[in-house]
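Taking it in order: structure first as structure tokens, then the write-up.
Predicted model, so just to flag it, every value in this text is computed and none were measured.
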Amino acid sequence: MRKLKKMGKVVKDMRYTIYSPLDGQPCADHDRASGEGVQPQEYVLIKMMVIPPFPPKLKVLEGKNVYLAAATLRPETMYGQTNCWVLPDGNYGAFEINETDVFIVTARSALNLAYQHLSRVPEKPTCLAELTGNDLIGLPLKSPLSFNEIIYALPMLTILTDKGTGIVTSVPSDSPDDYMALQDLITKPALRQKYGVQDEWVLPFNIIPIINIPEFGDKSAEKVCLDLKIKSQNDKEKLAEAKRMTYLKGFTDGVMIAGEFDGRKVQEAKPLIKNKLLGEGSAVLYSEPEKKVMSRSGDECVVALTDQWYITYGETEWKQKAVKCLENMNTFSAETRNGFEHTLGWLNQWACSRSFGLGTRIPWDEQFLVESLSDSTLYMAYYTIAHHLQNGNMYGEEISSIKPEEMTDEVWEYVFCDGPAPNSSISPALLSKMKQEFKYWYPFDIRVSGKDLIQNHLTFSIYNHTALLPEHHWPRGFRCNGHLMLNSEKMSKSTGNFLTLKEAIIRYSSDATRFALADAGDGMDDANFVTETANAAILRLTKEIAWMEEVIAAESSLRGGPPSTYADHVFANEINIAVKETEKSYNAFMFRDALKSGFYDLQLARDEYRLSCGAAGMNRELLGRFMEIQTKLITPICPHYAEHVWQKILKKEGFAIKAGWPVAGTPDPTLRSANKYLQDSIVLMRKLLQKQESGSKKPKKGAAPTPSAENKLTVGLIYVNEHYDGWKEQCLRVLQSNFDSQARSFAPDEEINEALRNCFIDRETSFKQVQKLCMPFIRFKKDEARNVGSQALNLKLPFGEINVLEENLELIRRQLGLEHVEVLSAFDGAARAKAGKHASLLDKNPPSPGEPVAIFMSKQEFEAQN
């Protein structure tokens with residue numbers, strides 16, 4: 001803090017800040033029960049003077065200057081006022097601002113005003129009369145800048161009293177809400193009668209054009225309401241859309257066509273008109289929280305104008321350094337980076353002092369403490385030397401050889417900022433050791449924290465590092481996470497959905513708790529700790545131990561020698577993939593992904609390997625590698641389980657945690673694709689076989705049932721076409737020539753369609769017939785190419801389908817329960833003849849790359865026709 005002040009980055013000034021009246025001090029984000037991140041919203045408060053004589057309800061105010069005070073964000077529109085709005089059933093009060101002036105506003109806004117030096121009694125609003133909106137309807141008013149000398153207070157039914165002052169200016173030329181509310185009164189005599197509105201308060205007032213907006217003209221509100229066919233002031237959704245369409249465009253592109261700033265762009269005129277109103281005393285500044293803010297003490301916060309200490313975040317040169325720091329940081333997700341960029345965009349001077357609570361006293365003004373979010377934004381640097389200052393005790397319970405007063409600014413400058421050697425009673429050797437340890441650990445590579453701190457504490461940390469430390473010690477990475485839910489619901493003591501870390505460890509064990517936490521999710525979304533996952537982890541890890549013990553006990557019965565079969569190679573490849581994918585996930589701190597690739601996927605690969613091996617059995621060397629690698633991959637998540645397996649089951653020396661990351665061969669994506677093709681084909685063939693078997697078991701009406709032995713389907717003929725042909729080949733060639741492999745994007749559909757038409761130009765009839773088939777196939781292939789790249793558009797798969805199937809004939813026979821299986825080419829006439837009467841199926845449903853066609857028959861039928 002002293003160094004920041006010396007650099008001119010801590011100043012004392014009067015500023016608007018969120019404030020707790022009950023606590024009597026600013027309410028920073030961490031002091032709030034709700035409303036974290038909410039900032040003061042500034043308005044211009046237009047003073048609309050009530051013209052005497054006053055009605056009976058206001059008689060008590062005679063002799064005072066009485067104003068209806070309307071909060072506006074658009075002071076440039078005040079030239080077009082036709083009336084003022086009040087909520088008929090709303091509660092208002094006449095509050096003393098000073099000895100002569102009274103503002104009629106809601107009690108909520110009066111409380112905010114009282115903390116902004118706009119109350120006769122500071123911080124205590126004085127109400128001279130309690131009123132309702134009905135009491136105010138019909139009041140004649142003189143409003144600043146209005147071309148109408150007198151306007152009247154009229155009823156509006158959609159005013160919100162939790163925003164602004166409850167008093168609203170009316171500019172129907174540019175506000176869709178105002179236009180529709182005024183139209184309701186003009187066109188509905190019954191509405192005027194209901195609220196006692198006299199015709200002369202409404203009917204003589206015409207819309208006053210004040211701003212020209214391209215596309216919307218001089219009366220933007222009228223045009224947009226007519227375009228959207230808005231019927232009344234209660235059509236909230238359409239009115240919100242109307243404002244969205246006109247307000248921003250009015251500010252950026254609008255031109256003033258009325259008043260002394262006629263011809264100036266709205267964005268230029270706005271601050272000039274605001275200053276004119278404030279300078280003439282026709283308006284005052286007013287602020288309130290953007291949204292409701294509740295302090296942890298239980299009171300609703302206001303905005304107060306306070307004299308306190310501020311850190312000058314947002315200062316141009318300092319902000320540029322913070323932006324540069326962020327550009328070179330690893331944020332681990334685009335969402336985190338966007339959060340920091342957004343915060344750097346809006347963050348400005350921040351109140352860093354408070355009157356009481358936990359924290360460090362401001363050294364030069366000890367009546368204040370540094371508020372919690374501004375304090376300790378550099379504590380990562382302190383960690384690097386804390387053991388020297390606390391004698392190795394993390395709780396600071398032991399007395400160190402270094403006294404607190406010896407840690408002068410010169411010492412800190414030497415240790416952290418490459419400053420000159422200080423004149424200190426601390427030994428030079430110890431000072432050098434502290435500096436050496438700081439340099440060893442800094443800059444830090446990662447700081448893990450909650451996403452809610454991006455908008456304050458973590459951005460402060462970036463700012464303070466760039467101000468206090470040289471560039472080579474700026475942070476390198478922030479990893480932000482969401483909050484933690486329990487069984488898909490927010491944790492809450494009041495509802496009983498609550499679990500402490502200690503309770504979880506007692507209930508599930510530390511490793512099962514860590515397993516469920518890893519599975520809960522990563523990134524900025526809220527993680528979800530599921531108790532069933534923790535329970536299942538206990539069972540799953542226990543079963544895995546039992547399986548490994550069984551494998552080692554039966555080790556001699558396993559197949560020896562190096563891995564040699566197709567199943568061996570597939571399993572070895574899956575292990576290599578798991579090592580690489582898990583390493584990537586751990587490096588990115590994506591623990592759920594690491595658990596998936598390093599445990600779940602590896603378990604599935606092992607189970608598939610066990611099924612694939614059949615009578616040949618599993619390979620001893622490969623299973624040993626699997627058990628060792630799986631143990632290493634799960635060690636960061638379940639260290640106690642891993643150490644038990646490592647030492648007690650695998651009989652390894654030392655600790656798993658120190659065994660190093662496993663070495664893996666280069667993964668073979670083609671082999672993985674081939675195996676997926678094999679497994680998917682077996683699943684589809686099994687379904688087809690079951691369908692045929694269930695159909696063949698039903699005899700025709702009146703016929704005797706066929707003996708089951710003769711009818712049993714035991715022969716399978718698998719027909720393969722390894723190359724796209726016909727219209728599919730033409731489609732793929734067109735897509736290949738219209739695909740950008742770098743951007744993974746295609747030419748416009750019109751160009752692709754024209755190229756297809758040219759392919760079939762000599763066969764127009766044929767093209768029309770296949771067009772219905774073309775479009776779904778093209779859509780499928782385009783989506784696939786966008787996902788995996790240009791290989792999706794190849795005319796054949798990257799592996800030989802016939803080779804894969806033939807190498808696994810024994811597996812196919814076993815999985816389908818067949819006696820005889822052949823893999824045949826769909827283009828071989830002799831092979832097609834083997835299908836006999838079933839050959840027509842190859843014409844109805846021709847095989848294509850990745851989609852073999854299987855024909856099943858009984859042994860008797862197969863032998864009869866072959």
side-chain hydrogen bond (donor to acceptor under 3.5 Å, both in side chains) involving [X] - partner list, sequence neighbours excluded:
X: Arg244; result: Glu241
X: Asp31; result: Arg354
X: Asp89; result: none

Is atom [atom1] of [X] surrounded by more than 12 heavy atoms (other residues, nucleotides or ligands) closer than 6.0 Å?
X: Lys490; atom1: NZ; result: no
X: Lys59; atom1: NZ; result: yes
X: Glu62; atom1: CD; result: yes
X: Glu200; atom1: CD; result: yes
X: Lys57; atom1: NZ; result: no

Closest heavy-atom contact between [X] and [Y]?
X: Ile213; Y: Gly250; value: CD1-CA, 3.6 Å
X: Leu239; Y: Ser232; value: CD1-O, 4.0 Å
X: Tyr179; Y: Ala221; value: CB-CB, 4.0 Å
X: Leu157; Y: Pro88; value: CD2-CG, 4.0 Å
X: Ile159; Y: Gly166; value: CG2-O, 3.9 Å
X: Ile151; Y: Cys84; value: CD1-N, 4.3 Å

Please report the interatomic distance [atom1]([X]) to [atom2]([Y]), rounded to the nearest 0.5 Å.
X: Thr169; Y: Asn83; atom1: OG1; atom2: CG; answer: 9.0 Å
X: Leu453; Y: Phe460; atom1: CG; atom2: CZ; answer: 10.0 Å
X: Asn738; Y: Ile778; atom1: CG; atom2: CD1; answer: 10.0 Å
X: Cys774; Y: Ile752; atom1: SG; atom2: CD1; answer: 12.0 Å

Inset, instruction - Spell out, as yes or no, whether a donor-acceptor pair under 3.5 Å connects the side chain of Ser220 to the backbone of Phe216. - result: no
Inset, instruction - Using atom types as modelled and distance alone, determine if a side-chain donor or acceptor of Ser175 lies under 3.5 Å from a backbone N or O of Asp178. - result: yes
Check whether any side-chain heavy atom of [X] sits under 4.5 Å from a side-chain heavy atom of [Y], and report yes or no.
X: Tyr19; Y: Cys301; result: no
X: Leu61; Y: Leu128; result: yes
X: Ile211; Y: Met256; result: yes
X: Val102; Y: Ile97; result: no
X: Val255; Y: Arg264; result: no
X: Val86; Y: Ile137; result: yes

Do [X] and [Y] have a side chain donor and acceptor closer than 3.5 Å?
X: Glu288; Y: Tyr286; result: yes
X: Ser745; Y: Asp740; result: no
X: Thr306; Y: Gln308; result: yes
X: Gln233; Y: Asp184; result: yes

Inset, instruction - From the options Trp350, Tyr313, Phe340, select the one residue that forms a ring pair (Phe, Tyr, Trp, His ring centres under 6.0 Å) with Tyr463. - result: Tyr313
Using a 6.0 Å distance limit plus a 45 degree cone around the ring axis, check whether [X] lies over the aromatic ring of [Y].
X: Lys47; Y: Tyr67; value: yes
X: Arg15; Y: Tyr310; value: yes
X: Arg120; Y: Phe95; value: no

Legend entry - Worked verdict on Asp253 versus Leu248 for side-chain contact (heavy atoms from CB on, under 4.5 Å): CA-CA 8 Å; Asp253 299 342; Leu248 180 60; over 6 Å; no
Legend entry - Residue that, paired with Met78, satisfies side chain to side chain contact (heavy atoms under 4.5 Å, CB included) out of Val44, Thr72, Ile273: Thr72
Inset, instruction - Could you tell me whether Glu42 and Lys274 have a side-chain N and a carboxylate O separated by less than 4.0 Å? - result: yes
Legend entry - Ionic contact status for Lys276 with Glu260, cut-off 4.0 Å: yes
Legend entry - Those residues that, when tested against Phe205, pass ring-ring contact (aromatic ring centres under 6.0 Å, His included) (two or more places apart): none
Inset, instruction - Report the C-alpha separation of Arg32 and Ile18 in whole Å, then their side-chain angles, then the decisive distance to 0.1 Å, and conclude whether the side-chain contact (heavy atoms from CB on, under 4.5 Å) test is met. - result: CA-CA 10 Å; Arg32 301 177 189 177; Ile18 306 293; 3.3 Å; yes
Inset, instruction - Run the numbers on Asn98 and Leu118 for side-chain contact (heavy atoms from CB on, under 4.5 Å), then give the verdict. - result: CA-CA 7 Å; Asn98 51 42; Leu118 289 169; over 6 Å; no
Legend entry - Residue list, salt bridge (charged side-chain N to carboxylate O under 4.0 Å, His left out) with Lys219, at least two apart or on another chain: none
Inset, instruction - Go through the structure and list residues passing salt bridge (charged side-chain N to carboxylate O under 4.0 Å, His left out) with Glu130, not counting sequence neighbours. - result: none
Inset, instruction - May I have the step-by-step check of side-chain contact (heavy atoms from CB on, under 4.5 Å) for Gln455 and Glu36, ending in yes or no? - result: CA-CA 9 Å; Gln455 63 191 4; Glu36 191 168 338; 3.5 Å; yes
Inset, instruction - Given salt bridge (Lys or Arg N to Asp or Glu O under 4.0 Å), test Glu149 with Lys142 step by step and report yes or no. - result: CA-CA 6 Å; Glu149 193 156 328; Lys142 182 173 180 57; 5.1 Å; no
Inset, instruction - Under the salt bridge (Lys or Arg N to Asp or Glu O under 4.0 Å) rule, what do Lys243 and Asp177 come out as? Steps first, then yes or no, please. - result: CA-CA 8 Å; Lys243 287 182 282 188; Asp177 286 321; 2.7 Å; yes
